[in-house]
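Only this structure's heavy atoms are used, side chains among them; waters, hydrogens and symmetry mates stay out. On a predicted model such as this, the values are computed, not experimentally measured, just so you know.
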Amino acid sequence: MSAIQTTVVLAMTADGKISAVDPKAPRDSDPVDQAHLEYQASLADLVLVGAGTIRAEGETYTIHNPELLAAREVRGQSPQPITCVVSGSLDLSLDLPFLSQDIERWIFTTRTGLKRNSDATSLQKLAELIDLGETNLDWDRAYSLMAERGIHKVIVLGGGSLTAALVKARRIDDWWLTIWPVIYGGKHAPSPVEGEGFLPKAAPHLQLVETRQVGSQLFLHYRTLN
């Protein structure tokens with residue numbers, strides 16, 4: 001763990017899916033869940049999001065609530081948190097709406113990704129490209145860099161591969177999980193933590209510190225114990 005607090009904020013179905021088999025399939029947003037997400041995001045200096053998530057959604061999450069924007073100003077934060085997309089391969093299209101949003105953009109990538117992407121020079125004009133290793137992302141380097149730049153609070157919005165990498169790197173301090181009262185099913189539908197998985201004795205353990213129920217939705221706050 002580091003001085004930077006890192007919180008995973010995500011919503012999943014009752015059967016543990018963060019999206020349907022088709023991640024671009026439309027889904028009605030829930031105002032209570034959206035308000036919860038906006039509040040959590042408003043606390044962040046930086047939002048981490050995986051490349052697959054940004055490709056599926058097109059844009060990053062932004063704060064609109066005037067009270068939350070005012071609170072950020074009082075705390076000395078920028079109107080919007082920095083959004084950092086994580087893409088070791090740098091497989092990002094120049095026409096992503098994310099690249100024209102009025103926010104500060106970082107992209108964590110690798111030297112291999114920078115070499116292979118013919119659009120790297122153009123991407124560099126739209127976002128700060130940060131090299132974190134030859135072929136694999138070095139999370140120790142990433143957190144050192146964030147600390148040097150005054151980042152204190154990071155919110156992770158998925159997807160499952162990014163969350164798995166951060167769990168493996170022991171960087172997740174706590175979790176806010178929203179449980180939707182719906183079943184998506186599908187063995188190929190993504191889950192909150194993907195990667196290789198953990199055997200029971202090596203699995204991270206959590207402590208439940210807060211629960212909230214709104215209608216049939218549950219909001220669960222866990223602290224990582226190990």
Any sub-3.5 Å donor-acceptor pair from [X]'s side-chain atoms to [Y]'s backbone N or O?
| X | Y | answer |
| --- | --- | --- |
| Thr53 | Gly159 | yes |
| Arg105 | Phe98 | yes |
| Gln213 | Gly215 | yes |
| Ser100 | Pro97 | yes |
| Arg223 | Asp174 | no |
| Glu38 | His64 | yes |
| Gln40 | Trp176 | no |

With sequence neighbours left out, write down each residue that passes side chain to side chain contact (heavy atoms under 4.5 Å, CB included) with Gln124, or none if nothing qualifies.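 Checked Gln124 against side chain to side chain contact (heavy atoms under 4.5 Å, CB included); matches are Leu129.
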
Flag side-chain contact, heavy atom, 4.5 Å: [X] against [Y]:
| X | Y | value |
| --- | --- | --- |
| Asp45 | Ile82 | no |
| Val156 | Leu10 | no |
| Ser42 | Ile63 | yes |
| Leu162 | Glu194 | no |
| Val167 | Trp175 | yes |
| Phe108 | Arg141 | no |
| Leu37 | Leu157 | yes |
| Thr6 | Ile172 | yes |

I need the [X] [atom1] to [Y] [atom2] distance, nearest 0.5 Å.
| X | Y | atom1 | atom2 | value |
| --- | --- | --- | --- | --- |
| Met146 | Trp106 | CE | CH2 | 7.5 Å |
| Arg116 | Thr110 | CZ | OG1 | 8.0 Å |
| Ile155 | Thr7 | CD1 | OG1 | 4.5 Å |
| Ile103 | Ser78 | CD1 | OG | 10.0 Å |
| Leu96 | Gln101 | CG | CD | 10.0 Å |

Would you say that more than 12 heavy atoms from the other residues, nucleotides or ligands in this model lie under 6.0 Å from the [atom1] of [X], or not?
| X | atom1 | answer |
| --- | --- | --- |
| Glu196 | CD | no |
| Gln34 | CD | yes |
| Lys168 | NZ | no |
| Glu134 | CD | yes |
| Leu199 | CG | no |
| Phe219 | CZ | yes |

Is Arg171 salt-bridged to Asp140, cutoff N-O under 4.0 Å? yes

Could you state whether [X] and [Y] fall into the same hydrophobic cluster, counting links through intermediate Ile, Leu, Val, Met, Phe, Trp or Tyr residues with side-chain heavy atoms under 4.5 angstrom apart?
| X | Y | result |
| --- | --- | --- |
| Leu46 | Val49 | no |
| Tyr61 | Leu166 | no |
| Ile18 | Ile54 | no |

For residues Asp173 and Thr224, is any side-chain donor paired with an opposing acceptor at under 3.5 Å? no

Would you please say whether a donor-acceptor pair under 3.5 Å links the side chains of Gln217 and Asp30?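 Result is yes, a qualifying pair exists.
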
